[in-house]
Visitor: 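My questions all concern the structure below.
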There are 2 protein chains.
Amino acid sequence: MIRIRMHVEGPPMSRVPTSKDVARVAGVSQPTVSRALAGHPQVSPATRDRVRKVAEELGYVPLESGRALRRGRTRRIAVVASPDDLLDPCQPQLVVPLHQALTAAGYRTTLLAEAADTAVLAQVTDGSVDGVVLAAHSGSTVPRRLAASGVPHVLVNRLAPADGHPSCGADHRQGAAEIASVVAGLGHTEVALVLGPRRMRTSLDREAGFRGVLAGVRAVRTRVLRGGYDHATGVAAAQALLGAARRPTAILCASDTIALGVLHEARMRGVDVPGEVTVTGYDDVPMAGLEPYALTTVRHDPGRMAAEAVRLLLAQIGTDAPAAPESVVLPADVVLRGTHGPPRA
Amino acid sequence: MIRIRMHVEGPPMSRVPTSKDVARVAGVSQPTVSRALAGHPQVSPATRDRVRKVAEELGYVPLESGRALRRGRTRRIAVVASPDDLLDPCQPQLVVPLHQALTAAGYRTTLLAEAADTAVLAQVTDGSVDGVVLAAHSGSTVPRRLAASGVPHVLVNRLAPADGHPSCGADHRQGAAEIASVVAGLGHTEVALVLGPRRMRTSLDREAGFRGVLAGVRAVRTRVLRGGYDHATGVAAAQALLGAARRPTAILCASDTIALGVLHEARMRGVDVPGEVTVTGYDDVPMAGLEPYALTTVRHDPGRMAAEAVRLLLAQIGTDAPAAPESVVLPADVVLRGTHGPPRA
DNA sequence: TTGTAAGCGTTATCAT
DNA sequence: ATGATAACGCTTACAA
């Protein structure tokens, strides 16, 4: 590691200008500065222009803390993600579309990805944010306590828990059930599930969907492997499954990244997909649709989910009356591509 | 899409408590509440405990706007990323390690990923953040204007531009030069470069490193393809290159995701790697090291880069004297795995 | 050890 | 159309 130090001469370093400074220079009262810059219609065009010019020259920007204190709102929203979600770089991110939707609505984004509930709670109940988007897998007390504190919030990527929190999610249980039906309908009887971590609600939902269907089909034998939502899990699972004495004829994965890992390991071993084994994913990440994979999977729409969540959140903030909490359930649809087929006769 | 509305009865909805409320209930003056909760040693244990108990009961949390206004600091740092970086989910992210480093240091993270310089500037010069981490590819005016406003900042993932901004980056030019030397040393003469977008500084650095070496080797013919930093670019590039009349014997990619795309297309076509063609990546993303790829690439350390950047930033904030801006250059090292070899005789 | 007073910079109310 | 005044909630200096 190389360190470089550069010499700079001390700058004049004057104080950061306030509206008072602008007022003095422009020859008006301080509140007039505020009104002029806020574009109040009652300010005469002449003074408005003069004030704006002076503000520009001095490089004046209204201090956010002052505004927030006075107004009681910050136009800032916290996005609470779990550290895990953030770390896994190859799953459909919610944080980015959430940030975009918030930015579009004129809100700033404060990112929170801490483990401790209390740390999170302290940072969203101190008036520093106008609302909270909970994208974390918290089966935690945070939503309850937010409601108690009267902080507007929305749960995202979670089905309506019916306990009074607004939420937006995709019906992963149904999506998983659908693709399991497709696979079962093809006649597969030796089926393997490769699932994500138990603490993630989305993984549990998908598992429930898979199992709900497969348990109802006579003669289907199901085995289950568990790991992360990641590629390495898929590779490891495929090594175990494809090397086993009784190979499964279909491998249903809880995420596309897992499925891609399975696919790659299958190709490494010269196992034909879908000739010898059917592989399905979940999420429809961009890579899944590309030529070399053509993964059969389940599509949902994180962008739309984010937009709906933001809509639900802002609806609470706009009105003082906390209208009945609304929940939005988005569909999850099977996308048939090239990695499924009937079991080898 | 299904919408669900739930009925809730209007809660009592009392005002959010302030230190004044706590003071009244605890029977002390309002500043004593502040001192008690801040843990000032002069407060008697008895009143400290009483105040804390009341605060707890009322659910009092000091309002952040009030603190910030009074103290002149927010303990908040803005991370400015480019929307592109955020959107591409499969490249080594800086945002996550930056967030972690900031959290560890007791700072909150405000995420900014807007296109317009003016929008960014407005949000970081209004006193809402104590400092700025610039992770964006901005060849923009933002750093200059931040310096002019006296806002502490640090450039990250960029080599020291020697114009007085503290910065932290990896020497991608050197890393690229090194891997190009390896490939040239193997005797390759038909070399293709698959690069990222021109507007990204990291891509330009890597290009310069590649070209600097290859131009100096007699008899090397270089062709260049350009696209995004993503998988699809690699797939498309490989289609073009491997289908060409005169195939390259080595393909140097500006990112691992590109290289993985190339690898997959090569396997689809039954082109042996590294027997028929050498493929190298850049970044050493987790997937690159996995068995089925074993990609020869260049490693650098985004986590360490983030940590160093945060260190440099906080150093400016702690001290009033703006010490000489320091820059840190981290190494980028070749990782030899299984996708390189001599050209086929 | 604790209370009183002041002030951070802004916006809103009320005069004029 | 604009100025004077107040208040948002907090921390600090000073007084007691």
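Lettering of chains follows the sequences in order, A, B, ..., and the numbering in each one begins at 1.
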Visitor: Write out all pairs satisfying salt bridge (Lys or Arg N to Asp or Glu O under 4.0 Å) with one or both partners inside residues 45-59 of chain B, taking only residues at least two apart or from two chains.
Guide: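 Salt bridge (Lys or Arg N to Asp or Glu O under 4.0 Å) check on residues 45-59 of chain B returns B:Lys53-B:Glu57.
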Visitor: With sequence neighbours left out, what residues match A:Arg108 under salt bridge (charged side-chain N to carboxylate O under 4.0 Å, His left out)?
Guide: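 Testing A:Arg108 for salt bridge (charged side-chain N to carboxylate O under 4.0 Å, His left out), a comparison that skips the adjacent residues, returns B:Asp126.
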Visitor: Please list, chain by chain and in numerical order, all residues satisfying side-chain contact (heavy atoms from CB on, under 4.5 Å) with A:Ala307, sequence neighbours excluded.
Guide: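 Once residues adjacent in sequence are excluded, A:Ala307 has no partner under the side-chain contact (heavy atoms from CB on, under 4.5 Å) criterion.
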Visitor: Taking only residues two or more places apart in sequence or in another chain, which ones pass salt bridge (charged side-chain N to carboxylate O under 4.0 Å, His left out) with B:Arg24?
Guide: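 Scan of B:Arg24 (salt bridge (charged side-chain N to carboxylate O under 4.0 Å, His left out), adjacent residues dropped) gives B:Asp21.
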Visitor: Flag the pair A:Gln100 / A:Val96 as yes when at least one side-chain heavy-atom distance between them is below 4.5 Å, and no otherwise.
Guide: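 Yes - at least one pair of side-chain heavy atoms lies under 4.5 Å apart.
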Visitor: Would you please name every residue forming a side chain to side chain donor-acceptor pair (under 3.5 Å) with A:Ser34, sequence neighbours left out?
Guide: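 For A:Ser34 there are no side chain to side chain donor-acceptor pair (under 3.5 Å) partners, ignoring immediate neighbours.
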Visitor: Mind running side-chain contact (heavy atoms from CB on, under 4.5 Å) on A:Glu308 and A:Glu326 for me, showing each step along the way?
Guide: CA-CA 11 Å; A:Glu308 286 291 337; A:Glu326 191 181 338; over 6 Å; no
Visitor: Output the rounded distance in Å from CZ (A:Arg73) to P (D:dC8).
Guide: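 My rounded result for the distance is 17 Å.
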Visitor: Reckon B:Leu63 touches a base, only the sugar-phosphate, or nothing at all at heavy-atom distances under 4.0 Å?
Guide: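 Here B:Leu63 touches the backbone only, sparing every base.
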Visitor: Heavy atoms within less than 4.0 Å of DNA chain D: which residues of residues 46-53 of chain B have one? Give them sorted by number.
Guide: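 Correct list: empty, so none.
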Visitor: Could you tell me, to 10°, how much the axis swings from one end of the helix from C:dT1-D:dA16 to C:dT16-D:dA1 to the other, five pairs per end?
Guide: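 End-to-end axis angle for the helix from C:dT1-D:dA16 to C:dT16-D:dA1: 40°, rounded to 10°.
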Visitor: Return yes if some donor-acceptor pair links the side-chain N/O of B:His153 with the main-chain N/O of B:Leu146 below 3.5 Å, else return no.
Guide: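 No: the side chain of B:His153 does not pair with the backbone of B:Leu146.
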Visitor: Show which side-chain atoms of residues 64-72 of chain B pair as donor or acceptor with protein atoms under 3.5 Å away, not counting sequence neighbours.
Guide:
unit_1  : atom_1 : unit_2  : atom_2 : d
B:Glu64 : OE1    : B:Arg76 : NH2    : 2.8
B:Glu64 : OE2    : B:Arg76 : NH2    : 2.9

Visitor: Could you list the residues that satisfy side chain to side chain donor-acceptor pair (under 3.5 Å) with B:Asp130, not counting sequence neighbours?
Guide: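 By the side chain to side chain donor-acceptor pair (under 3.5 Å) rule, B:Asp130 matches B:Thr74.
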Visitor: Please check: side-chain N/O of A:Arg158 versus main-chain N/O of A:Val156, any donor-acceptor pairing under 3.5 Å?
Guide: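 Side chain of A:Arg158 to backbone of A:Val156: a pair is present.
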Visitor: Scan for salt bridge (Lys or Arg N to Asp or Glu O under 4.0 Å) pairs involving residues 93-103 of chain A, sequence neighbours excluded, and state none if there are none.
Guide: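 Output for this query is empty, none listed.
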Visitor: Specify the separation, in whole Å, of atom NZ of B:Lys20 and atom C1' of D:dC10.
Guide: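 The distance from NZ of B:Lys20 to C1' of D:dC10 comes to 11 Å, rounded to the nearest Å.
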Visitor: Name the first nucleotide and the last nucleotide along DNA chain C (5' to 3') that come under 4.0 Å of a heavy atom in chain B.
Guide: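 For DNA chain C, the relevant span reads C:dT1 to C:dG9.
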Visitor: Mapping B:Leu69 and B:Ser44 onto DNA chain C by nearest heavy atom, which one lands closer to the 5' end?
Guide: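 Its nearest nucleotide lies further toward 5', so the answer is B:Ser44.
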Visitor: Give the B/S/- string for nucleotides 11-16 of chain D, one per nucleotide from 5' to 3', where a protein heavy atom under 4.0 Å of the base yields B, of only the sugar-phosphate yields S, and otherwise -.
Guide: BBB---
Visitor: Identify whether any heavy atom of B:Ser29 sits under 4.0 Å from a base atom; if not, whether one sits that close to sugar-phosphate; answer base, sugar-phosphate or nothing.
Guide: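 Here B:Ser29 touches the bases of the nucleic acid.
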Visitor: Checking B:Thr109 side chain against B:Thr103 main chain: does a donor-acceptor pair fall under 3.5 Å?
Guide: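 No, because the side chain of B:Thr109 does not come within donor-acceptor range (under 3.5 Å) of the backbone of B:Thr103.
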